[in-house]
Amino acid sequence: MVDFPHMGPGPAIGEVIGISVNDPRVKEIAEFALKQHAEQNLILAGVDAGQIIKGIPHWDNYYNLILSAKHSPHEFSKFYNVVVLEKASDNSLKLVAFVPLF
């Protein structure tokens, strides 16, 4: 908890939580990022690493993921860093970054 003067205790802002790369919700977030990205024909090979940051103002979760994806089952995967914001109250997601790593 973080105490703000004259406001009392509040939620921790910026709490970082590790992810499970096999978590179905994390995979849903990764698939959402691929669908929203301009190259819509990418296939998710896997989520390789990441973290969730809680308590971002106006959003519930900030997913920062490293994922691997490819254009066809026969090619090598490339790695991407994606950032997706999630608001649980209205079940909305927003892709804010999709960066090829190499």
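- Placement of Ile52 and Leu95 within a single hydrophobic cluster is found when ILVMFWY residues are connected by side-chain heavy-atom separations under 4.5 Å, directly or transitively.
- Between Lys54 and Glu86, no side-chain nitrogen of the basic residue sits less than 4.0 Å from a carboxylate oxygen of the acidic one, so the salt-bridge criterion is not met.
- Hydrophobic cluster membership differs between Ile53 and Ile29, with clusters built from Ile, Leu, Val, Met, Phe, Trp and Tyr side chains linked at under 4.5 angstrom.
- Within a 6.0 Å radius of NZ in Lys70, other residues, nucleotides and ligands contribute more than 12 heavy atoms.
- Within 6.0 Å of NZ in Lys87 there are more than 12 heavy atoms belonging to other residues, nucleotides or ligands.
- Side-chain heavy atoms closer than 4.5 Å link hydrophobic residues (I, L, V, M, F, W, Y) into clusters, and following such links, even through other members, never connects Val83 to Val26.
- If you take CG on Leu101 and NZ on Lys78, they are separated by 12.0 Å, rounding to the nearest 0.5 Å.
- Each of Tyr80 and Leu85 belongs to its own hydrophobic cluster when Ile, Leu, Val, Met, Phe, Trp and Tyr are linked at side-chain heavy-atom distances under 4.5 angstrom.
- For the atom pair CZ (Arg25) and OG (Ser20), the distance works out to 14.5 Å, reported to the nearest 0.5 Å.
- Each side chain to side chain donor-acceptor pair (under 3.5 Å) pair with one or both residues in residues 93-102, not counting sequence neighbours, would appear here, but there are none.
- Smallest separation of non-hydrogen atoms from Gly50 and Ile19: O-CG1, 3.4 Å.
- Nearest heavy-atom pair across Ser89 and Asp60 is N-OD2, 3.8 Å.
- Here the side chain of Asn81 pairs a donor or acceptor atom with the backbone of Leu65 at under 3.5 angstrom.
- Considering Ile43, Leu67, Asn41, Val82 as possible partners of Leu34, the one that fulfils the side chain to side chain contact (heavy atoms under 4.5 Å, CB included) test is Leu67.
- Pairs engaging residues 26-62 under the ring pair (Phe, Tyr, Trp, His ring centres under 6.0 Å) rule: His37-Phe98 [sequence neighbours left out].
- Side-chain N or O atoms of Asp90 include one that pairs as donor or acceptor with a backbone N or O of Ser92 at under 3.5 Å.
- Atom CG of Leu44 sits about 12.0 Å away from atom CD of Glu28, to the nearest 0.5 Å.
- Residues Phe79 and Val21 do not share a hydrophobic cluster, defined by chaining ILVMFWY side chains whose heavy atoms lie under 4.5 Å apart.
- Without hydrogens or angle criteria, Asp48 side chain to Ser68 main chain gives a donor-acceptor distance under 3.5 Å.
- In this structure, CD1 on Ile66 lies 9.0 Å from CD on Gln51, to the nearest 0.5 angstrom.
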